[in-house]
There are 2 protein chains.
Amino acid sequence: MRLTTKGRYAVTAVLDLALNSHDKPVNLSDISDRQAISLSYLEQLFSKLRKNNIVKSIRGPGGGYLLNASRDEISVAHIINAVNESIELSRCDGRANCHDGKQCLTHNLWVDLSTRINDFLDNISIGELIKQNEQQANDRLSSITNTITVTTSQ
Amino acid sequence: MRLTTKGRYAVTAVLDLALNSHDKPVNLSDISDRQAISLSYLEQLFSKLRKNNIVKSIRGPGGGYLLNASRDEISVAHIINAVNESIELSRCDGRANCHDGKQCLTHNLWVDLSTRINDFLDNISIGELIKQNEQQANDRLSSITNTITVTTSQ
DNA sequence: TAATAACCAACTAAAATAGTCAAGTAATTA
DNA sequence: TAATTACTTGACTATTTTAGTTGGTTATTA
């Protein structure tokens, strides 16, 4: 599990897609304009997202991309792993490269941690992210409304 | 919060330090040998770790590095943030670069996620990581022992 | 068939990662 | 105090990844 700007671009783009597709395909030019990510870089990212069944494509005029599952079924971990598809070889995989017990030990500790981070991000769906964000926006709004109410009632 | 091989090197090195320092300083050459990380790269990493008060150094013969706090007080997030010390500018910080409401929206969603990841890693101390790993090792050991017991009792 | 938008591949510039080298400084021990 | 050990610092380099560019092709729809 790696967490870099590349993953952030991908998560941002999928969030944009989820927010702007109302059951209609969203084309990459629009995402490119809204999120200020170059079209060709988006093409590279969406090629991987499509191969990993996170989005599906429709060609031709009026075409674009659609989520290939519900918002709640697409996890942040899924998106990030899709675009970072490199073999992510841990330096000591089982037997090779393992000079002594000590190296294996910290290697295992790192793998444990990596698994925990992956599990954590696998439990955050983009639907949940959006829902939580809307909730926070509502909270802020109602706290402003309350303030106004108190002020005017005095 | 970025999660790259650089951070992994740093966490691995601090774990090695925690495991091999029995209240005595550990020198970087030894960590370099055990973890197969180049000495000068370790020097760069530990320079940042020291400036962030994660480790302290003792010079001269028999010198090296010590943890600057207890195992349970040093979090994984702390280590990773120390070595990734770059300004990590988010593209749209508050007002600037924000073309329209949509960009701000996905930006906020990303910031939310980033905060959640940071909180998560801030709650994992290297002491906890090591303890959990020892526990798992014991579990595996006792399950083997149990198997042997069952087998021999038949 | 003309416009649109996905798909593809090779290439390049810039940045980050990983490592090297060399000349220091500080602390300890003999 | 001289020699040793080990950390400190900075400049430099190679490699990899990131991000973007160019120039196409294929499929679809109006």
Spell out, as yes or no, whether a donor-acceptor pair under 3.5 Å connects the side chain of A/Asn68 to the backbone of A/Asn53. yes
Under 3.5 Å: donor-acceptor pair, side chain of A/Asn81, backbone of A/Ala77: yes
If you measure from CZ on B/Arg71 to CG on B/Leu15, what distance do you get to the nearest 0.5 Å? 9.5 Å
Donor-acceptor contacts, no H, no angles, side chain residues 119-128 of chain B, under 3.5 Å, sequence neighbours left out:
{"residue": "B/Asp122", "atom": "OD1", "partner": "B/Ser75", "partner atom": "OG", "Å": "2.9"}
{"residue": "B/Asn123", "atom": "ND2", "partner": "B/Asp119", "partner atom": "O", "Å": "3.2"}
{"residue": "B/Ser125", "atom": "OG", "partner": "B/Glu128", "partner atom": "N", "Å": "3.0"}
{"residue": "B/Glu128", "atom": "OE2", "partner": "A/Arg116", "partner atom": "NH1", "Å": "3.4"}
{"residue": "B/Glu128", "atom": "OE2", "partner": "A/Arg116", "partner atom": "NH2", "Å": "3.2"}

Interatomic distance, [X] [atom1] vs [N] [atom2] [rounded to whole Å]:
X: A/Arg2; N: D/dT17; atom1: CZ; atom2: P; value: 7 Å
X: B/Lys48; N: C/dA18; atom1: NZ; atom2: C1'; value: 12 Å
X: B/Asn84; N: C/dA15; atom1: CG; atom2: C1'; value: 14 Å
X: A/Lys6; N: D/dT16; atom1: NZ; atom2: C1'; value: 11 Å
X: B/Arg50; N: D/dC7; atom1: CZ; atom2: C1'; value: 9 Å
X: A/Leu3; N: C/dA16; atom1: CG; atom2: C1'; value: 15 Å
X: A/Asn68; N: C/dA6; atom1: CG; atom2: P; value: 16 Å
X: B/Lys56; N: C/dA27; atom1: NZ; atom2: C1'; value: 17 Å

Base-contact (B) and sugar-phosphate-only (S) positions in nucleotides 21-30 of chain D, heavy-atom cut-off under 4.0 Å, - elsewhere: BB---BBBB-
Has B/Thr4 got a side-chain N or O lying under 4.0 Å from the OP1 or OP2 atom of C/dA16? no
Are A/Asn108 and B/Asn133 linked by a side-chain donor-acceptor pair shorter than 3.5 Å? no
When all nucleic acid strands are considered with a 4.0 Å heavy-atom cut-off, which category describes A/Phe46: base, sugar-phosphate, or nothing? nothing
Pick the closest DNA chain C nucleotide for A/Gly63 and for A/Ser47 by heavy atoms, then say which residue is nearer the 5' end. A/Gly63
For the residue pair B/Tyr65 and B/Phe46, categorise the inter-ring angle as parallel (less than 30°), tilted (30 to 60°) or perpendicular (more than 60°). tilted
A/Leu45-A/Leu66 co-clustered via ILVMFWY side chain contacts under 4.5 Å: no
